[in-house]
Amino acid sequence: DSGVTQTPKHLITATGQRVTLRCSPRSGDLSVYWYQQSLDQGLQFLIQYYNGEERAKGNILERFSAQQFPDLHSELNLSSLELGDSALYFCASSRGGAGSSGNTIYFGEGSWLTVV
Amino acid sequence: TQLLEQSPQFLSIQEGENLTVYCNSSSVFSSLQWYRQEPGEGPVLLVTVVTGGEVKKLKRLTFQFGDARKDSSLHITAAQPGDTGLYLCAGQFTGKLIFGQGTTLQVKP
């Protein structure tokens, strides 16, 4: 158990719909990261927040958005869903930012999203 | 194109064999990390290599960072079925932790 909690674990929804994935970081961790993992693209970095502020952005589509709340939990919102958005979405957390020396990043178990 | 290229992508071997997985890039990294991911779980950090030429050992796993800090390798000695999983290398790039495509290892008893 990494200490990072993600909900829901599985989600099936229709094209065009909107879903919200939730992440609770490890106690004391200020950074939250979101990754998308699919068979053809591997593990792709989406976005990082540090203490409530966006710190780094990766290949995140405009249909996707995220935020980190004052209690440090984070949500990833996916809208106008397409079949190709079906993937495993991981949240990860760390004490400091990604560039911090010796900063270990811990991953949750992921949220399986299936768009039908 | 991937910033970090891993090879091979798939590897199926018998228990007791040795294997090496490679992680290559044209970019210099301040550090590289290796993760292992099992089905239904998130990646788990195995090791971080920081210094060019550095070698780290974790039981039967040996990790090496290239002298120029552009590549890394993971060598497993006498592989066991419990080593089966997805092995990912990752590096910091412009403040982001970027992953390679991964190497799927299957060790048959």
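Reminder, nothing fancy here: chain letters follow the sequence lines and each chain counts from 1. Note that this is a predicted model, so its numbers are computed, not measured.
A single hydrophobic cluster is not seen to contain both A:F107 and B:V44; linkage of ILVMFWY side chains at heavy-atom distances under 4.5 Å, directly or through other members, places them apart. Residues B:L4 and A:I105 share a hydrophobic cluster, clusters being chains of Ile/Leu/Val/Met/Phe/Trp/Tyr side chains in contact below 4.5 Å. Criterion: ILVMFWY side-chain heavy atoms under 4.5 Å apart, direct or through other members. Under it, B:L86 and B:L45 are part of a common hydrophobic cluster. Tracing side-chain contacts under 4.5 Å through hydrophobic residues (I, L, V, M, F, W, Y), one reaches A:V115 starting from A:L21; they form part of the same cluster. When the side chains of ILVMFWY residues are joined at heavy-atom separations under 4.5 Å, either directly or via intervening members, A:L76 and A:Y33 end up in two distinct hydrophobic clusters.
Every residue was checked against the ring-ring contact (aromatic ring centres under 6.0 Å, His included) condition with B:Y87, not counting sequence neighbours, and none meets it.
Note that OH of A:Y35 and CZ of B:F99 are 5.0 Å apart. Values are rounded to the nearest 0.5 Å. Taken from OG in A:S94 to CG in B:L97, the straight-line distance is 9.5 Å, to the nearest 0.5 Å. For the atom pair CG (A:D1) and CD (B:E41), the distance works out to 10.0 Å, reported to the nearest 0.5 Å.
Grouped by direct or indirect side-chain proximity (heavy atoms under 4.5 Å, Ile/Leu/Val/Met/Phe/Trp/Tyr only), B:V55 sits alone.
Contacts of residues 63-85 of chain B with chain A at a heavy-atom distance below 4.5 Å are absent; not one residue qualifies.
Annotation: salt bridge (charged side-chain N to carboxylate O under 4.0 Å, His left out) contacts involving residues 56-70 of chain A, sequence neighbours excluded, comprise A:R63-A:E82, A:R63-A:D85.
Heavy-atom distances place the side chain of A:Q37, and not its backbone, under 4.5 Å from chain B.
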